[in-house]
Asks: 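Structure provided below as structure tokens; questions to follow.
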Protein chains: 2
Amino acid sequence: MTTPAVQVARGGPVTRKDVARYAGVSTAVVSYVVNGGPKKVAPATEAKVQDAIRVLGYRPNAAARALKLGSSETLGLVIPDNSNPFFSQFAHAVEDAAAALGYALVLSNSDGNVAKERRNVRNLAARQVDGVLLASVLFEPDLEVLETADIPAVLLNQERDAPGFNTIGVDLAAGARIAVEHLIGHGHTNIGLAMGTNVSGSLDGREVGWRQALQAAGLPEGPVVYSGFTWPGGYLAGQRLVASVNRPTAIFATSDTQAVGLLRAVHEAGLSIPGEIAVVSFDGSIEAEYSWPPLTTVEQPVAAMAEAAVAALVGATRGEKPQHRIFPTKLNIRQSCGCPWTPSTGVPHGT
Amino acid sequence: MTTPAVQVARGGPVTRKDVARYAGVSTAVVSYVVNGGPKKVAPATEAKVQDAIRVLGYRPNAAARALKLGSSETLGLVIPDNSNPFFSQFAHAVEDAAAALGYALVLSNSDGNVAKERRNVRNLAARQVDGVLLASVLFEPDLEVLETADIPAVLLNQERDAPGFNTIGVDLAAGARIAVEHLIGHGHTNIGLAMGTNVSGSLDGREVGWRQALQAAGLPEGPVVYSGFTWPGGYLAGQRLVASVNRPTAIFATSDTQAVGLLRAVHEAGLSIPGEIAVVSFDGSIEAEYSWPPLTTVEQPVAAMAEAAVAALVGATRGEKPQHRIFPTKLNIRQSCGCPWTPSTGVPHGT
DNA sequence: ATGAAAGCGCTAACAG
DNA sequence: CTGTTAGCGCTTTCAT
């Protein structure tokens, strides 16, 4: 079973032909045993082939296979920034979903840069990936690249419908509403907004939701500051919000990362959270669970979204009519909103 | 120049042969213009070809190219967990370095699982990647997989020398020492350790460094707790450390992620940081900058390491004798250690 | 300056 | 159950 793979010194890499010769069979048979089909092979022959494979250290050449089959069994993912916890978690989930179907994942970052995003998509297309998942920098991604690339694609993180394209997202406005309503439930009447900015200037659903919730409750709009969906962006927003003439008693931040940066600014200002300023954020990434205080956040079902995206490309739902899928969010209540905290069940004592 | 790519309705995808026919040249010429060589092409002919390419919407098939050339212009990266900020930053840096050289990056997570790590490496090998970067779960990675895979590899995050392999890492013990010495400089005499655990049970350089610094100063070893290099791991460690009979006044945590989790536990215990418990951590990832309080941390030069790793595989230093490269760390001083904080230059006022 | 053609390693239809 | 073989799209040598 564990016969060491005796590397037979040869010229180049071992090909299927070498294996065939060594095993005394045809190359077709080798193919059959390697792929488990499409023809059956006699057990004895199969054993011989397996042996040859092991002895020679044969590894099938994926490029040749891809050429023949017209599929590289590879998916491409384009995200703005893998250093951002939300996207890195997303990428991880996509990798899992892809791997479960035997697909590898090529990752590329667009770094918030439209030109780079286009370049990455084109590059992936040239590499014959079987599909690309695009979390665009743009509110309205450049569909033309995708079209001319002529590759199945799914648009991620996308609220808007893009006819002819698979689209996966979350109801941003609805999510924002439950967040803001929760804050209102805590009695806040001056609720600010730390709004992330994209390249495109379009109105983000989270801003819409914040406004809707306020209106529905007959409350005025608190201060708003626009800055990046990043730690420094949130930090900046926090500093501004804290210093605003009409300082809010609660803030809705449009990403966890932003919220964490904002938390730091509020702490630095010497204000207590949630006492003097409560905060609720968006994404539900793990960093929200370990900030101080832990963030109440609107959770996006990342794993489910990743699975659906991959499935639309190469899984069960492949080939179906392009769909616009909206996933539900849920509010993850922790302490930054002002909800009471029940200490966890017993801190272990001793070292 | 911007003639729209009129998609000519055809059967399958456009191949080089179609372009040749359309342009009235041979397929060789198409190759020459696409690759800019190895032969020169008359300007007039080149124009015709470019035209044909645009009109037909031709995209070269990377699989065929890879088969012919024996190189996929792809690198593989295997890390334990892309959801962990340190690794996701690393992955981003690797992607940048690879892209700069025209290589794509296939990402895979081993999820702290040895079997999965092996599977991923094998899978990458089968895909004819031109090199793999492996941040192993193991203290001593399974070199045999790499060897039998017969692919240039570099071991990341690796302190130990592995003869015959390119290895890139940081002097963990030295880094830990500067961290602990800094804490000692603040007057602490009871310094605990929140030590991350790997799959292998070997001694980690960070633990060694912590011990060395203590010994050199003639200080006793504070309490130690072992747990994952993760947020929950750090949280658990924090709870234990805080509750230990001999509660430390300072803690060295072996990763930023761990430290962030630990911070939460300390806050929950109602202890002030750095007043009652000071903390210094390791990695220098961006999350350390936005925790509360911001973490003093030992920074690893991630970008430089990523570049060196990629260069060893497919860049300038390719083909050179395998090297064991150790990068320097530096202490990034913030507030969690007890150093005074100077407010940043003026908080912007108004919304 | 251009073209013809071999062949990279693999799959699967077809023939035995 | 096994073998022969065409051909996937591309690069490049060798001829013209």
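We name chains A, B, ... by the order of the sequence lines, and we start the count at 1 in each one. Because the structure is a prediction, the values reported are computed rather than measured.
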Asks: Out of C:dT2, C:dC10, D:dT11, which has the shortest distance to the side chain of A:Arg65?
Replies: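 Among the listed nucleotides, the one closest to the side chain of A:Arg65 is C:dC10.
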
Asks: Reckon B:Thr45 touches a base, only the sugar-phosphate, or nothing at all at heavy-atom distances under 4.0 Å?
Replies: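 The residue B:Thr45 makes sugar-phosphate contact but no base contact.
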
Asks: Return the nearest nucleotide to the side chain of B:Arg16; candidates are D:dT11, C:dC8, C:dT11.
Replies: D:dT11

Asks: Taking atom P of C:dG7 as reference, at what distance in whole Å does atom CG of B:Leu69 sit?
Replies: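 That distance rounds to 17 Å.
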
Asks: Once you apply a heavy-atom cut-off of 4.0 Å, does A:Ala42 come out as touching a base, just sugar-phosphate, or nothing?
Replies: sugar-phosphate

Asks: So if I apply the side-chain contact (heavy atoms from CB on, under 4.5 Å) rule between B:Tyr103 and each of B:Val310, B:Thr74, B:Leu75, B:Val94, which one comes out positive?
Replies: B:Leu75

Asks: Take atom CZ of A:Arg127 and atom P of D:dC10, then tell me their distance rounded to the nearest Å.
Replies: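 Those two atoms, CZ and P, are 15 Å apart.
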
Asks: Rounded to the nearest Å, what distance is computed from the OH atom of residue A:Tyr32 to the P atom of nucleotide D:dT2?
Replies: 10 Å

Asks: Give the rounded distance in Å between these two atoms: CG of A:Asn35 and P of C:dT11.
Replies: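 Whole-Å distance recorded here is 4 Å.
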
Asks: Could you give the CZ-to-P distance, from B:Arg21 to D:dG9, as a whole number of Å?
Replies: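 Going from CZ in B:Arg21 over to P in D:dG9 covers 12 Å.
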
Asks: Go through D:dC8, D:dC10, C:dA12 for me and flag the one nearest to the A:Leu67 side chain.
Replies: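 Closest of the options to the side chain of A:Leu67: D:dC8.
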
Asks: Tell me what B:Val25 touches on the nucleic acid: a base, only sugar-phosphate, or nothing, going by heavy atoms under 4.0 Å.
Replies: sugar-phosphate

Asks: Roughly how many Å is it from CD in A:Glu46 to C1' in D:dC1, rounded to a whole number?
Replies: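 Atom CD in A:Glu46 sits about 13 Å away from atom C1' in D:dC1.
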
Asks: Supply the atom-to-atom distance A:Ser88 OG to A:Glu95 CD, rounded to the nearest 0.5 angstrom.
Replies: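 The CD atom of A:Glu95 is 13.0 Å from OG of A:Ser88, to the nearest 0.5 Å.
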
Asks: Rounding to a whole Å, what distance do you find between A:Lys17:NZ and C:dC10:P?
Replies: 11 Å

Asks: Would you find a donor on one side and an acceptor on the other, under 3.5 Å apart, between the side chain of B:Asp81 and the backbone of B:Gly112?
Replies: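 A pair under 3.5 Å: no.
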
Asks: Hey, which of B:Leu134, B:Leu77, B:Asn166 is the one that makes side-chain contact (heavy atoms from CB on, under 4.5 Å) with B:Leu156?
Replies: B:Leu77

Asks: Give the rounded distance in Å between these two atoms: CD of A:Glu73 and P of C:dT11.
Replies: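 The distance from CD of A:Glu73 to P of C:dT11 comes to 10 Å, rounded to the nearest Å.
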
Asks: Let's test your reading of the model: under 3.5 Å, does the base of C:dG9 pair with the side chain of A:Tyr58 as donor and acceptor?
Replies: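 No, no donor-acceptor pair under 3.5 Å.
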
Asks: Taking the side chain of B:Asn61 as its heavy atoms from C-beta onward, which of C:dC10, D:dG3, D:dG9 lies nearest to it?
Replies: D:dG9

Asks: Heavy atoms from C-beta onward define the side chain here; which of C:dC10, D:dC10, D:dT11 lies closest to that of A:Ala64?
Replies: C:dC10

Asks: Is any N or O donor-acceptor pair between the side chain of A:Lys68 and the base of D:dG7 shorter than 3.5 Å?
Replies: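 Indeed there is one.
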
Asks: Measuring to OP1 and OP2 of C:dC10, would you say a side-chain N or O of A:Ser31 lies under 4.0 angstrom away?
Replies: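 No, A:Ser31 has no side-chain N/O under 4.0 Å of OP1/OP2 on C:dC10.
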
Asks: Do A:Ser136 and A:Glu117 make a side-chain contact, defined as non-hydrogen atoms from C-beta onward lying under 4.5 Å apart?
Replies: yes

